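First up is the structure itself, then whatever we jot down about it.
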Amino acid sequence: MEKSKDRFTAGEAVVTGMAAAVSLLASGRIYMLLYRQGSLYTVGLFPLALLLGIYCLWKKALFMREVFFAVWVRALLSFAFTAFQVTGLWWSNPYLEENVSGIEVFVWMVCLWPLSFAGQNMLFDCVAHWGERRFACARRDFSPKKGFLYAFLVIMLGFLIPFAAYYPAIMAYDVIPQLDQIRSSGYTTHHPLIHTLMLAGSLKLGEILPFVSNADRAGLAIYSLLQMTVVSGCFAYVYTFFRKRGVNRYFCYFFVLCAAFYPTHGLLAVSITKDTIYAVLVMVFGVFAFEAVTCKEEGGPGKGWFAAYTVLTVFLLLFRNNSIYAWILYVIVALLALPKMGKKLVMAHGAALLLYFLINTLMVQASGASSDTYAREMLSVPAQQIARVAAFHEEELSQEDLENLSVIWNQGALPEYVPAIADRSKKDIVGDGEVLRTLAKEWFSLGCRYPGEYWKAFLLKNKGMWYLEDMSYLNDVYSYAKGYLQLTYPGDQQAYMEALAPGYVRHQKLQFLQSVYRYFAAGDEVWRYLPPLSLVMQPAFYCFALLFYCLCCIGLRKPLLLVPAVYVTALVGTLLLGPCVLTRYLYPVMLSVTVLFVLFLQESASQK
């Protein structure tokens, strides 16, 4: 990796000064327009990025010649990142969108691009020279069993704080249809059946315990404790793996403390939602995949590893209905990338697939669950695109268009369009074959006439995954469940919730702790005013971190380390086609990318 000399040449000084000047001018123009709008608040990341970019210019990062990739490749990558952030800023502020032309926005991109380019070079250079830093430390005697137990106990103790604050559980909005299945309407496969049955079993156990006064509350508490145990065990396993791989023990201790006391983990650990257990399973699955590609033994890991890997895979598939698509892509890549483990991997993946179908079939038959996957659940992107065209170009639509839309949306009015969520636009779509054929025809026809609106509808629906200062996923998705984790459910369904679980009372004691967590995860997120914290809270940060991980693997010529990221990347792809961006949907990505990056850095350091 060739670095530039310590001192600026005359030409470099001129270029650096011009880059800093135009970036400051563009930033000043943006802040002036925001001031006219009446608000300078953006999350605080923009000024932080500006300062970091200028620092990178001062460190001559603009002139690093060969940092992983050729200059033109890095220039394209950094310009794409700048374009996403500037476009997100433009679309997120109504005054800017109404009063600033696309040409001026492009000029902003060009002016701010040198900061992104210099910052990207610094990051690549930091990873390239990571082996010269001390990430690993001298090993101390470490007992995996004791280490796992201690980490597990610390994390469980940390989870007891939100458990006490929200006893017996946080009842998010997805619980309502699941409780309805358990108590009245019968089981369906719309939500992962294994999760619904876990909740049903916990409630049933609460009813038969002889020493409880309130069966519902006891059952919900049992489920919370069960989920807390699973999450704690997964975090403790990752901690143990870190220690065995020689990761700095102080960082490992920090990892355990974050798992125990960082509010996101604790709140989701006691929230009755299908996403929490799935997220930690994805994290552990990434660790297993990383262990497979870095194993030095001939033929790969031992029989115990393959048995655990098979069981883990089965649960991974059971806890997310559409995870099999991402998993199939991962299996294909893993078999091609690891020929020395080919036979064993084929057997493990085949056994996992058979067990998944067998267990799923047995659960369906035992519970009498009906297939209730709804064809419209796969129509988030087309529904949003058609809805946007109908919302902004209604007067341009032909009579045939209006008739087709009426058929698609069940003889109703034009679809409702809310940029951040597709549930509003697709809720009235009828799922029979004739209607779906009409929808496909109309979607293609409108797409040929309004391709720009289609792209914008797709990008706005997924803005939380590419714009680092996005707030739409916090406030514009569900009016009744605002905030970082959407911990509430519709207020008009309070009576229905209490009818389904009569013993559950939403707000009990420890109001002070609830207030603390509310400022973190509900409508008034205090973290938005702390720029470094707001960065690591944003789902988009982890999507870009996943991309950066893949680029680093390519740049350091370690293609095998891409394999653990395949499943997570495919998962992001399914989320892009989903109804909206929510933190709990991206939680598996947030956990997995963090763990994979730590392992990647440790692997790089150990080979220097």
Side-chain angles (χ1 to χ4, degrees), residues 148-149 151-179 181-183 187 191-239 256 259-260 263-285 308 311-312 314-320 359-360 362-363 366-367 369 485 487 497 500-501 503-505 508 584 587-588 591:
F148 177 89
L149 178 61
F152 175 82
L153 291 175
V154 169
I155 297 170
M156 276 293 288
L157 288 172
F159 288 169
L160 287 177
I161 300 174
F163 178 64
Y166 288 95
Y167 181 84
I170 294 174
M171 304 287 277
Y173 47 85
D174 269 357
V175 169
I176 296 177
Q178 288 182 284
L179 284 176
Q181 291 178 32
I182 295 169
R183 292 287 165 85
Y187 295 104
H191 295 281
L193 186 56
I194 187 172
H195 181 262
T196 306
L197 293 177
M198 283 176 59
L199 179 57
S202 299
L203 291 170
K204 182 63 68 175
L205 183 58
E207 292 174 1
I208 63 177
L209 289 177
F211 52 84
V212 298
S213 59
N214 190 307
D216 290 323
R217 189 173 297 177
L220 294 172
I222 289 170
Y223 176 85
S224 293
L225 290 170
L226 175 61
Q227 183 165 278
M228 289 160 57
T229 301
V230 173
V231 175
S232 299
C234 289
F235 275 120
Y237 175 82
V238 173
Y239 161 79
V256 170
T264 298
H265 306 311
L267 290 171
L268 286 176
V270 299
S271 176
I272 299 182
T273 172
K274 60 185 181 293
D275 304 284
T276 303
I277 293 180
Y278 175 71
V280 294
L281 290 176
V282 173
M283 175 181 67
V284 175
F285 185 77
V311 173
L312 173 63
V314 173
F315 281 108
L316 189 75
L317 298 176
L318 289 173
F319 269 94
R320 178 64 64 89
I359 295 173
N360 200 49
L362 290 175
M363 289 192 303
S367 63
L485 297 179
L487 299 179
M497 174 68 85
L500 292 171
Y504 174 69
V505 179
Q508 291 90 27
R584 63 186 181 91
Y587 191 48
L591 294 180

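These numbers come from the heavy atoms of this one structure, side chains and all, not from hydrogens, waters or symmetry mates. If you're wondering where the values come from, they're calculated on a predicted model, not measured in any experiment.
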Q: For Arg584 and Thr276, test the side chains for any donor-to-acceptor distance below 3.5 angstrom and give the result as yes or no.
A: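 Not at all, the side chains of Arg584 and Thr276 share no donor-acceptor pair under 3.5 Å.
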Under 3.5 Å donor-acceptor, [X] side chain and [Y] backbone:
X: Gln178; Y: Leu197; value: no
X: Gln227; Y: Ala269; value: yes
X: Ser202; Y: Ile222; value: no
X: Ser271; Y: Leu267; value: no

Q: Using side chain to side chain contact (heavy atoms under 4.5 Å, CB included) as the criterion, point out the one residue from Leu203, Leu205, Ile272 that pairs with Tyr223.
A: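 In the set Leu203, Leu205, Ile272, the residue that makes a side chain to side chain contact (heavy atoms under 4.5 Å, CB included) with Tyr223 is Ile272.
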Of all the heavy-atom pairs spanning [X] and [Y], show the shortest one and how long it is.
X: Pro168; Y: Ser224; result: O-OG, 2.8 Å
X: Ala200; Y: Tyr187; result: CB-OH, 3.3 Å
X: Tyr587; Y: Thr264; result: CE1-CG2, 4.0 Å

Q. Taking the six-membered ring for Trp, are Tyr239 and Phe235 ring centroids under 6.0 Å apart?
A.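 Ring-ring flag for Tyr239/Phe235: false, centres at least 6.0 Å apart.
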Q. Going through the distances and angles, do Met171 and Leu220 end up as a side chain to side chain contact (heavy atoms under 4.5 Å, CB included)?
A. CA-CA 9 Å; Met171 304 287 277; Leu220 294 172; 4.0 Å; yes
(Q) Tell me if the CZ atom of Phe315 is crowded by more than 12 foreign heavy atoms within 6.0 Å. (A)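 It does not: Phe315 CZ has 12 such atoms or fewer within range.
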To the nearest 0.5 Å, how far apart are [atom1] in [X] and [atom2] in [Y]?
X: Ile277; Y: Thr229; atom1: CD1; atom2: OG1; result: 10.0 Å
X: Asp275; Y: Arg320; atom1: CG; atom2: CZ; result: 5.0 Å
X: Ile170; Y: Leu268; atom1: CD1; atom2: CG; result: 7.5 Å
X: Leu193; Y: His191; atom1: CG; atom2: NE2; result: 11.5 Å
X: Glu207; Y: Lys204; atom1: CD; atom2: NZ; result: 4.5 Å
X: Met283; Y: Tyr237; atom1: CE; atom2: OH; result: 10.5 Å

(Q) Determine whether Leu591 and Val282 satisfy the following criterion, side chain to side chain contact (heavy atoms under 4.5 Å, CB included), listing intermediate values before the conclusion. (A) CA-CA 8 Å; Leu591 294 180; Val282 173; over 6 Å; no
Q: Apply side chain to side chain contact (heavy atoms under 4.5 Å, CB included) to Tyr167 and Val270, showing your working.
A: CA-CA 9 Å; Tyr167 181 84; Val270 299; over 6 Å; no
Q) After noting the C-alpha distance and the side-chain angles of Asn360 and Ile194, does the key distance pass the side chain to side chain contact (heavy atoms under 4.5 Å, CB included) rule? A) CA-CA 8 Å; Asn360 200 49; Ile194 187 172; over 6 Å; no
Q. Taking C-beta and beyond as the side chain, do His195 and Phe319 meet within less than 4.5 Å on heavy atoms?
A.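 A side-chain contact under 4.5 Å exists here.
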**Q.** Heavy-atom side-chain proximity of Val284 to Leu312 below 4.5 angstrom
**A.**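 Of all side-chain heavy-atom pairs linking Leu312 with Val284, at least one is under 4.5 Å.
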